[in-house]
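For clarity, every value in this text was computed on a predicted model and none was experimentally measured.
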Amino acid sequence: MTERELDAAGVIDPALREAYRHCRRLNARHGRTYFLATRLLPVERRPAVHALYGFARWADDIVDALGTGADTARRDAELAALERELEQGLWDGESAEPVVRALADTARRYRIDHAHFADFMAAMRADLVVTDYADYAALRRYMHGSAAVIGLQMLPVLGTVTDRETAAPHAAALGVAFQLTNFLRDVGEDLDRGRVYLPADLLAAHGVDRERLRWSRDTGRRDPRITSALRAFERLTRGVYRQAVPGLAMLEPVSRPCIRTAFVLYGGILDAVAEDGYAVLHRRSVVPRRRRALVAADGLARVAAARLRARPAAARAPGGVPLTGAGPVGPRMVEEVA
């Protein structure tokens with residue numbers, strides 16, 4: 001479906017088309033939930049989401065380079081080079097780096113504030129040197145660049161039925177909620193990278209510190225104090241999801257199934273963690289395949305309904321491209337994304 005997406009988006013230049021294809025491959029390989037949700041968008045908007053995710057994934061991979069022997073200085077140099085490439089690409093739309101070229105084109109088409117990309121890169125640099133956070137306020141400052149701005153970047157692509165300023169806080173909250181979910185699911189993996197994203201004061205309130213987490217990870221043994229801290233972090237995360245909820249109705253109707261699906265699936269990760277007894281230091285909790293299939297089927301039904309409602313209004317995407325719908329909707333797609 002890649003060619004259809006690019007044709008619908010009006011991407012003509014061969015090199016630019018290949019840049020978008022590269023980003024789509026990154027999304028398909030690394031972002032299972034994001035890729036599922038993206039397939040529920042109108043076809044002409046998908047390349048932009050692939051570009052935004054592809055760039056974020058590329059930068060994150062530099063930060064998390066494991067098993068490559070890349071030390072902090074080298075990763076810092078690679079991030080600096082990417083940032084220079086980004087600045088130039090946003091300036092003139094050209095870049096030898098595919099993810100930057102696609103991102104620059106998306107930023108131009110949807111008039112995305114360049115400050116969001118600068119804030120994101122600042123958060124990536126912080127990950128090179130900051131290994132824990134004293135409290136939730138400190139974590140939120142980090143997540144402004146690592147998560148909130150992702151929601152803000154997405155907002156022009158999704159479109160809103162309100163003014164963008166009204167929807168922006170909810171879009172930012174959803175980005176933060178998704179990242180908090182990842183932090184809870186990946187406690188063990190992040191610890192192996194030398195990072196603890198759970199606020200130190202939250203852990204301390206339950207009698208837990210980094211050493212206690214390391215002991216549990218290394219020995220495979222459980223500790224009720226750790227479980228209590230993880231449960232508290234889950235409650236905190238669910239509170240951020242509630243902050244995001246009003247923003248769903250502020251999106252253009254054709255975009256709502258996409259974001260609702262991501263919302264439900266990420267919330268399902270929290271459910272899976274709880275059902276797994278908060279064993280995140282020992283294994284990764286996953287949403288069961290059947291549950292993913294049911295959510296996907298519901299999303300497809302909502303897409304079909306949105307398409308029917310949109311036709312009489314002759315709705316048009318940003319830039320004047322007619323909405324062409326979400327493409328084929330049927331059992332095969334449910335199987336592919338489940």
ask   = Could you walk me through whether D186 and R195 pass the salt bridge (Lys or Arg N to Asp or Glu O under 4.0 Å) check?
value = CA-CA 10 Å; D186 299 338; R195 303 191 198 113; over 6 Å; no
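- Using bins of under 30°, 30° to 60° and over 60° for the plane-to-plane angle, the ring pair Y197/F183 lands in the parallel bin.
- Taking 4.5 Å as the limit, some side-chain heavy atom of R74 sits within range of a side-chain heavy atom of D71.
- For the side-chain hydrogen bond (donor to acceptor under 3.5 Å, both in side chains) test, no residue two or more places apart in sequence or in another chain qualifies with T219.
- Counting only distance, with no hydrogens or angles, the side chain of R256 and the backbone of L251 share a donor-acceptor pair below 3.5 Å.
- For the atom pair CG of L248 and OG of S255, the computed distance is 11.5 Å after rounding to the nearest 0.5 Å.
- Atoms CD and OG1, from E18 and T2 in turn, are 9.5 Å apart once rounded to the nearest 0.5 Å.
- With contacts defined as side-chain heavy-atom distances shorter than 4.5 Å, the pair E94/R101 qualifies.
- In terms of heavy atoms, A126 sits closest to Y142 at CB-CD1, 4.5 Å.
- Among residues two or more places apart in sequence or in another chain, the salt bridge (Lys or Arg N to Asp or Glu O under 4.0 Å) test is passed with R125 by E83.
- There is no path of hydrophobic side-chain contacts, each under 4.5 Å, that joins L270 to V286.
- The closest side-chain heavy-atom distance from W215 to R221 is below 4.5 Å.
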query = Can you list the steps and then say if R45 with E252 is a side-chain contact (heavy atoms from CB on, under 4.5 Å)?
reply = CA-CA 12 Å; R45 304 194 195 190; E252 288 185 3; 2.8 Å; yes
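- Evaluation of the salt bridge (Lys or Arg N to Asp or Glu O under 4.0 Å) rule for D7 yields R17 as partners, not counting sequence neighbours.
- Looking at P47 and L6, their side chains come closer than 4.5 Å, going by heavy atoms from C-beta outward.
- The shortest heavy-atom contact between M250 and A167 is SD-CA, 3.6 Å.
- Hydrophobic clustering (ILVMFWY, side-chain heavy atoms < 4.5 Å, transitive): W91 and F120 are in distinct clusters.
- Between I259 and the options L40, L41, V264, L174, a side-chain contact (heavy atoms from CB on, under 4.5 Å) holds for only L174.
- Using a 4.5 Å cut-off on side-chain heavy atoms (C-beta onward), L139 and L180 make contact.
- Residues G89 and V100 approach most closely at CA-CG1, 4.3 Å, considering heavy atoms.
- Considering CG of L213 and CG of D209, their distance stands at 7.0 Å, rounded to 0.5 Å.
- Side-chain atoms of E5 and Y20 form no donor-acceptor pair, as typed in the model, at a separation below 3.5 Å.
- Of the inter-residue distances, the one linking R39 atom CZ with T261 atom OG1 reads 12.5 Å to the nearest 0.5 angstrom.
- Screening residues 112-121 for side-chain hydrogen bond (donor to acceptor under 3.5 Å, both in side chains), with sequence neighbours left out, gives D119-H144.
- Residue pairs meeting the side-chain hydrogen bond (donor to acceptor under 3.5 Å, both in side chains) criterion with at least one partner in residues 148-163, sequence neighbours excluded, are D163-T166.
- Between A177 and T237, the shortest heavy-atom distance links the atoms O-CG2, 3.9 Å.
- In this structure, the side chains of V287 and D271 stay at 4.5 Å or more apart for every pair of heavy atoms.
- Using modelled atom types and a 3.5 Å distance limit, the side chains of D201 and Y136 yield no donor-acceptor pair.
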Verdict with reasoning, R231 to E234, per salt bridge (Lys or Arg N to Asp or Glu O under 4.0 Å) = CA-CA 5 Å; R231 187 179 291 113; E234 179 206 354; 5.6 Å; no
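- Using modelled atom types, one side-chain atom of R109 and one backbone atom of A9 make a donor-acceptor pair closer than 3.5 Å.
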key: V208 vs L198, side-chain contact (heavy atoms from CB on, under 4.5 Å): CA-CA, chis, key distance, verdict   = CA-CA 11 Å; V208 180; L198 278 60; over 6 Å; no
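- You'll find the side chain of D192 reaches within 4.5 Å of the side chain of R214, heavy atoms only.
- Checked by atom type, the side-chain pair R24/N27 shows no donor-acceptor distance below 3.5 Å.
- Across V161 and A249, no two heavy atoms sit closer than the pair CG2-O, 3.6 Å.
- Atom CZ of R235 is separated from atom CG of L230 by 11.0 Å, given to the nearest 0.5 angstrom.
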request  = Using the side-chain contact (heavy atoms from CB on, under 4.5 Å) rule, take F117 and L52 through it: C-alpha gap first, then chi angles, then the decisive distance, then the call.
outcome  = CA-CA 10 Å; F117 303 116; L52 293 172; 4.0 Å; yes
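- Between G54 and L26, the shortest heavy-atom contact is O-CD1, 3.7 Å.
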ask   = side-chain contact (heavy atoms from CB on, under 4.5 Å) between T38 and Y53: does it pass, once the steps are laid out?
value = CA-CA 10 Å; T38 301; Y53 180 85; over 6 Å; no
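- Neither L158 nor L152 shares a network with the other; the hydrophobic side chains, linked directly or stepwise wherever heavy atoms of I, L, V, M, F, W or Y lie under 4.5 Å apart, form separate groups for each.
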inquiry  = Set out, in order, the CA-CA distance, both residues' side-chain angles and the distance that settles salt bridge (Lys or Arg N to Asp or Glu O under 4.0 Å) for D190 and R193, then state yes or no.
reply    = CA-CA 5 Å; D190 287 331; R193 296 186 178 102; 3.3 Å; yes
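- Rounding to the nearest 0.5 Å places CG of L79 at 12.5 Å from CH2 of W58.
- Between H282 and S216, the side chains place a donor N or O and an acceptor N or O closer than 3.5 Å (distance only, hydrogens not considered).
- Few gaps surround CZ on R238; more than 12 heavy atoms of other groups in view lie less than 6.0 Å from it.
- Remark: R222 engages no residue in a side-chain hydrogen bond (donor to acceptor under 3.5 Å, both in side chains) (not counting sequence neighbours).
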inquiry  = Run R57 and D60 through salt bridge (Lys or Arg N to Asp or Glu O under 4.0 Å) and show every step you take.
reply    = CA-CA 5 Å; R57 180 74 262 173; D60 195 56; 2.9 Å; yes
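- In this structure, the side chain of R185 does not engage the main chain of R284 through any donor-acceptor pair within 3.5 Å.
- Side chain of R75 to backbone of V63: a donor-acceptor contact under 3.5 angstrom is found.
- Among the candidates L184, T181, V187, the single residue satisfying the side-chain contact (heavy atoms from CB on, under 4.5 Å) test with V273 is L184.
- The main-chain N or O of L191 is never found under 3.5 Å from a side-chain atom of R210 such that the two would form a donor-acceptor pair.
- Considering only heavy atoms from C-beta on, F55 comes within 4.5 Å of L86 through its side chain.
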